[in-house]
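Note that these values count all heavy atoms, side chains included, but never hydrogens, waters or copies made by symmetry. Here is how names work: the chains are called A, B, and so on, in the same order as the sequence lines, proteins then strands, and each is numbered from 1.
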Amino acid sequence: MQTVAVIDFETTGLSPGQGDRATEIAAVILKDGAIVGRYQSLMNSGARIPPFIESLTGISNDMIRTAPPAAVVMQEVSDFVGDYPLVAHNASFDSKFWDAELGRIDRKRQQAFVCSLLLSRRIFPFAPSHKLSALIEYANLPVAGRYHRALADAEMAASLFQRLTHELREQHQLNNISVDLLCRIQHAPKSQLTKHIAHARAG
DNA sequence: TGCCAGGCCCTCTTTAGGGCCTT
């Protein structure tokens, strides 16, 4: 499995299109099944965190007031992950914020985004829930810290991603799993899943 | 004007609706 960067955002809300901004980012580098690098930072975008989200994440307006500017943090984390493929739990959410915050510093993502939520629906179809905390419990993986903080969530998404690729190898006798295969699997209708995997095994 | 996320995925579906998941 090639090296990937697993990321997680905390934000002021659900949609950058509605004016929501990032408040914290973490990225961990997953190489040969182990975390070999970590980046984490609060960031100050000037946006106000609603009370509900302050209590959800534990990240307060006081905490981000003294944090480095969002532009500085995004430059750093973008340099940190380089061109490694990105992984996130519910990547449709994190990719929206990644692209929006990167766009503000005139950078553009080049690499693919892999979604551990979409993969888990296919690889763990019988899990009672596919939210991150439920999957960590379902797969008996360690809780890395407080949920809804960026570094803890990124580390847990990384261990979940590692478990998912392991299960995929075991279930389908695959020697090697590429990011390209994961991208095809996560968007494939379940009826075509075996076709994609059989093609990967043959290739 | 009034509304305000949006993609995935299932089903009592496809001329649609609603739950899940992220903060």
Side-chain angles (χ1 to χ4, degrees), chain A residues 4-28 40-64 67 70 73-74 77 86-104 109 112-139 141 143-161 163-164 182-196:
Chain A
V4 298
V6 185
I7 71 157
D8 185 76
F9 273 109
E10 305 305 320
T11 70
T12 63
L14 293 173
S15 175
Q18 298 293 314
D20 291 320
R21 296 295 306 274
T23 58
E24 187 180 45
I25 176 92
V28 301
Q40 178 273 328
S41 182
L42 293 169
M43 66 179 98
N44 184 359
S45 72
R48 187 143 190 91
I49 306 173
F52 162 71
I53 296 177
E54 275 192 330
S55 66
L56 176 73
T57 63
I59 298 170
S60 67
N61 284 293
D62 279 347
M63 288 164 69
I64 58 168
V73 174
M74 288 308 299
V77 71
L86 298 172
V87 178
H89 197 66
N90 198 9
S92 71
F93 173 83
D94 290 277
S95 63
K96 274 189 307 189
F97 278 95
W98 182 267
D99 292 348
E101 294 291 349
L102 225 51
R104 289 174 175 273
R109 171 171 61 91
F113 242 111
V114 178
C115 179
S116 56
L117 170 63
L118 295 181
L119 290 175
S120 72
R121 283 182 177 152
R122 289 159 175 80
I123 296 168
F124 290 145
F126 301 114
S129 159
H130 295 89
K131 68 165 87 171
L132 181 62
S133 58
L135 288 164
I136 292 299
E137 185 176 349
Y138 178 77
L141 295 167
V143 175
R146 176 186 171 146
Y147 283 107
H148 295 299
R149 284 304 299 265
L151 185 57
D153 280 3
E155 289 191 6
M156 288 188 280
S159 66
L160 173 63
F161 177 76
R163 176 64 60 84
L164 288 168
L182 295 176
C183 287
R184 278 182 283 135
I185 286 175
Q186 70 184 0
H187 293 300
K190 284 181 177 173
S191 60
Q192 293 180 20
L193 206 53
T194 41
K195 187 186 78 176
H196 285 286

Looking at every strand, decide which applies to Q18(A) at a 4.0 Å heavy-atom threshold: base, sugar-phosphate, or nothing. base
Does this structure show an ion pair linking R149(A) with E10(A), if we count only N-O contacts that are shorter than 4.0 Å? no
Output one line per pair: protein atom, nucleotide atom from nucleotides 7-9 of chain B, and distance, for all N/O pairs under 3.5 Å.
{"from": "dC9(B)", "atom 1": "OP1", "to": "R122(A)", "atom 2": "NH1", "distance (Å)": "2.6"}
{"from": "dC9(B)", "atom 1": "OP1", "to": "R122(A)", "atom 2": "NH2", "distance (Å)": "2.8"}
{"from": "dC9(B)", "atom 1": "OP2", "to": "R122(A)", "atom 2": "NH2", "distance (Å)": "3.1"}

Considering only atom P, compute the distance from dC4(B) to dG17(B) and round it to an integer number of Å. 16 Å
Using side-chain contact (heavy atoms from CB on, under 4.5 Å), reason through V4(A) and L86(A) one step at a time and then give a plain yes or no. CA-CA 6 Å; V4(A) 298; L86(A) 298 172; over 6 Å; no
Between CG of D8(A) and P of dC21(B) the distance, given in whole Å, is 16 Å
Interface residues of residues 143-159 of chain A with DNA chain B (non-hydrogen, below 4.0 angstrom): H148(A), D153(A)
Whole angstroms only, please: what is the CG-C1' distance between L14(A) and dT23(B)? 5 Å
Euclidean distance, atom CZ of residue F9(A) to atom C1' of dT22(B) [Å, nearest integer]: 12 Å
Given side-chain contact (heavy atoms from CB on, under 4.5 Å), test L132(A) with D153(A) step by step and report yes or no. CA-CA 8 Å; L132(A) 181 62; D153(A) 280 3; 4.1 Å; yes
Check the distance between dT22(B)'s C1' and F113(A)'s CZ and give it to me in whole angstrom. 12 Å
Using side-chain heavy atoms (C-beta onward) and a distance below 4.5 Å, is R163(A) in contact with L141(A)? yes
DNA chain B-proximal residues of residues 49-59 of chain A, any heavy atom under 4.0 Å: F52(A), I53(A), L56(A), T57(A)
Identify whether any heavy atom of T12(A) sits under 4.0 Å from a base atom; if not, whether one sits that close to sugar-phosphate; answer base, sugar-phosphate or nothing. nothing
P spacing across the pair dT13(B) / dG19(B), given as an integer number of angstrom: 16 Å
With side chains defined as the heavy atoms from C-beta onward, is the minimum distance between D8(A) and I25(A) less than 4.5 Å? no
May I ask you to test the L118(A)-H187(A) pair for a side-chain heavy-atom distance under 4.5 Å? yes
Write down the distance separating the P atoms in dT14(B) and dG18(B), rounded off to the nearest Å. 13 Å
Under a 4.5 Å cut-off applied to non-hydrogen side-chain atoms, are M63(A) and E54(A) in contact? no
If we ignore angles and hydrogens, is there a donor and acceptor under 3.5 Å between the side chains of S116(A) and H89(A)? yes
Would a 4.5 Å heavy-atom cut-off, applied to side chains only, mark S120(A) and L164(A) as touching? yes
Do the side chains of V143(A) and M156(A) get nearer than 4.5 Å, heavy atoms only? yes
Span that lies between the C1' atom of dA16(B) and that of dC12(B), in whole angstrom: 11 Å
Whole angstrom value for the distance that separates P of dC21(B) from CZ of F124(A): 15 Å
Taking the C1' atom of each, how far is dG7(B) from dG2(B), in whole Å? 24 Å
Whole-Å distance between dC21(B) P and H89(A) NE2? 8 Å
To the nearest Å, how far apart are F97(A) CZ and dT23(B) C1'? 7 Å
K96(A) atom NZ is separated from dC4(B) atom C1', nearest whole Å, by 13 Å
Which whole number of Å gives the distance between the C1' atom of dT23(B) and that of dC10(B)? 25 Å
Residue-phosphate contact under 4.0 Å: S15(A) side-chain N/O, dT23(B) OP1/OP2: no
Going by distance alone, is a donor N or O of one side chain under 3.5 Å from an acceptor N or O of the other, for D20(A) and T11(A)? no
Verify the neighbour count for atom CZ of R146(A): are there more than 12 heavy atoms of other residues, nucleotides or ligands below 6.0 Å? yes
When the C1' atoms of dC21(B) and dC3(B) are compared, how many Å lie between them, rounded to an integer? 23 Å
Under 4.5 Å between any side-chain heavy atoms of V77(A) and W98(A), yes or no? yes
